[in-house]
Amino acid sequence: QVQLVESGGGLVQTGGSLRLSCAASGRTLLNYAMGWFRQAPGKEREFVAAIRWIAGNQVYADSVKGRFTISRDNAKGTLYLQMNSLKPEDTAVYYCAASPRGGVVVTADGYNYWGQGTQVTVPS
């Protein structure tokens, strides 16, 4: 089992920045795929970014490419999402996820473990 706890969400003005954290516990993540997803009210959960823990390979959704950066700290067992140049359309609950299948996973059904989510609000 892997436990994931997100933090760092909040309210930020357009153009601002936030850094989300996801603290993982329960298993070593060396062979895991990790990802960030988001879900806005009335919409389906969508892929944001993913990383292969052991090698650091990254993939981003087109909507966040160039603005968001996914990273991890192996010593701390923590996943991050640095979000810059935030827009109102980035408003959503953000979830981190973990998959033991390794590689880089971009679909929600590829993940086995999920955090509880953290709210990010960018007023229009």
Side-chain angles (χ1 to χ4, degrees):
Q1 289 287 335
V2 175
Q3 292 78 44
L4 304 172
V5 179
E6 301 99 333
S7 61
L11 188 150
V12 62
Q13 297 304 309
T14 298
S17 299
L18 281 175
R19 188 176 80 157
L20 305 183
S21 300
C22 174
S25 61
R27 289 265 178 104
T28 179
L29 299 175
L30 284 179
N31 295 315
Y32 273 61
M34 301 291 293
W36 287 99
F37 289 75
R38 66 187 182 187
Q39 189 166 18
K43 295 187 177 181
E44 294 187 353
R45 191 169 298 190
E46 66 171 356
F47 168 74
V48 175
I51 189 168
R52 184 184 179 199
W53 190 273
I54 191 169
N57 312 63
Q58 302 162 29
V59 176
Y60 296 92
D62 288 343
S63 59
V64 306
K65 203 171 293 183
R67 300 188 298 123
F68 291 11
T69 303
I70 188 171
S71 63
R72 81 276 189 250
D73 185 323
N74 189 38
K76 295 183 178 180
T78 301
L79 180 73
Y80 300 100
L81 184 69
Q82 177 66 44
M83 306 186 295
N84 299 328
S85 302
L86 283 160
K87 305 174 181 179
E89 50 263 45
D90 295 318
T91 295
V93 177
Y94 284 70
Y95 299 89
C96 72
S99 169
R101 69 171 59 180
V104 178
V105 180
V106 300
T107 57
D109 59 7
Y111 287 89
N112 301 73
Y113 305 103
W114 293 85
Q116 82 289 350
T118 185
Q119 176 72 46
V120 172
T121 302
V122 188
S124 56

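Along the sequence shown, residues are numbered consecutively beginning with 1.
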Enquirer: Please identify each residue that fulfils side-chain contact (heavy atoms from CB on, under 4.5 Å) with Glu44, with sequence neighbours left out.
Expert: none

Enquirer: Please report the closest heavy-atom contact between Thr91 and Ala40, naming both atoms and the distance.
Expert: O-CB, 3.7 Å

Enquirer: Are any side-chain N or O atoms of Gln116 and backbone N or O atoms of Val5, one a donor and one an acceptor, separated by less than 3.5 Å?
Expert: no

Enquirer: Apply side chain to side chain donor-acceptor pair (under 3.5 Å) to Thr69 and list each qualifying residue two or more places apart in sequence or on a separate chain.
Expert: none

Enquirer: Which pair of heavy atoms, one from Pro88 and one from Pro123, lies closest together, and at what distance?
Expert: CG-O, 3.9 Å

Enquirer: List in chain and number order the residues that pass salt bridge (Lys or Arg N to Asp or Glu O under 4.0 Å) with Lys43, two or more places apart in sequence or in another chain; answer none if no residue qualifies.
Expert: none

Enquirer: Supply the atom-to-atom distance Arg52 CZ to Leu29 CG, rounded to the nearest 0.5 angstrom.
Expert: 14.0 Å

Enquirer: For Pro100 versus Asn112, what's the shortest heavy-atom pair and its separation?
Expert: CD-OD1, 3.0 Å

Enquirer: At what distance, to the nearest 0.5 angstrom, does CG of Leu18 lie from CG of Leu11?
Expert: 9.0 Å

Enquirer: Output all residues satisfying side-chain contact (heavy atoms from CB on, under 4.5 Å) with Ser63, sequence neighbours left out; order by chain, then residue number.
Expert: Arg38, Ala61

Enquirer: Tell me whether the count of non-hydrogen atoms from other residues, nucleotides or ligands lying under 6.0 Å of CZ in Arg27 goes above 12.
Expert: no

Enquirer: Show me the pairs that pass disulfide bond (SG atoms under 2.5 Å apart) and involve residues 11-124, at least two apart or across chains.
Expert: Cys22-Cys96

Enquirer: Counting distance only, does the side-chain N/O of Ser99 pair as donor-acceptor with the main-chain N or O of Gly110 below 3.5 Å?
Expert: yes

Enquirer: What's the separation between atom CD1 in Ile51 and atom CG in Asn57, rounded to the nearest 0.5 Å?
Expert: 8.0 Å

Enquirer: Tell me, which pairs form a ring pair (Phe, Tyr, Trp, His ring centres under 6.0 Å) where one or both residues lie in residues 49-87, sequence neighbours left out?
Expert: none

Enquirer: First locate atom CG of Asn84, then atom CZ of Arg19, and finally report the distance between them rounded to the nearest 0.5 Å.
Expert: 11.5 Å

Enquirer: For Thr107, what residues pass the side chain to side chain donor-acceptor pair (under 3.5 Å) criterion, not counting sequence neighbours?
Expert: Asp109

Enquirer: Using side-chain contact (heavy atoms from CB on, under 4.5 Å) as the criterion, list what pairs up with Ala98, not counting sequence neighbours.
Expert: Val2, Leu4, Tyr32, Met34, Tyr113

Enquirer: Do you know which two heavy atoms are closest between Ile70 and Gly35, and how far apart they sit?
Expert: CD1-CA, 4.5 Å

Enquirer: Any chance CD of Gln1 has more than 12 other-residue heavy atoms, nucleotides or ligands included, within less than 6.0 Å?
Expert: no

Enquirer: Considering residues at least two apart in sequence or located in another chain, which fulfil the side chain to side chain donor-acceptor pair (under 3.5 Å) criterion with Arg67?
Expert: Asp90

Enquirer: Using links of under 4.5 Å between side-chain heavy atoms of ILVMFWY residues, direct or through other members, which residues join Val106 in one cluster?
Expert: Phe37, Phe47, Val59, Val93, Tyr95, Val104, Val105, Tyr111, Trp114

Enquirer: Where is the tightest heavy-atom contact between Met83 and Val120, given as atom of each residue plus distance?
Expert: CE-CG2, 3.8 Å

Enquirer: For Ser7, give me all partners under side-chain contact (heavy atoms from CB on, under 4.5 Å), at least two apart in sequence or on another chain.
Expert: Ser21

Enquirer: Would you name the heavy atoms of Ser17 and Ser85 that are closest together and state the gap between them?
Expert: OG-N, 4.3 Å

Enquirer: Got a sec, which residues hit side chain to side chain donor-acceptor pair (under 3.5 Å) with Asp73, two or more places apart in sequence or on another chain?
Expert: none

Enquirer: About how many Å separate OG1 of Thr78 and CG of Leu20, when rounded to the nearest 0.5 Å?
Expert: 12.5 Å

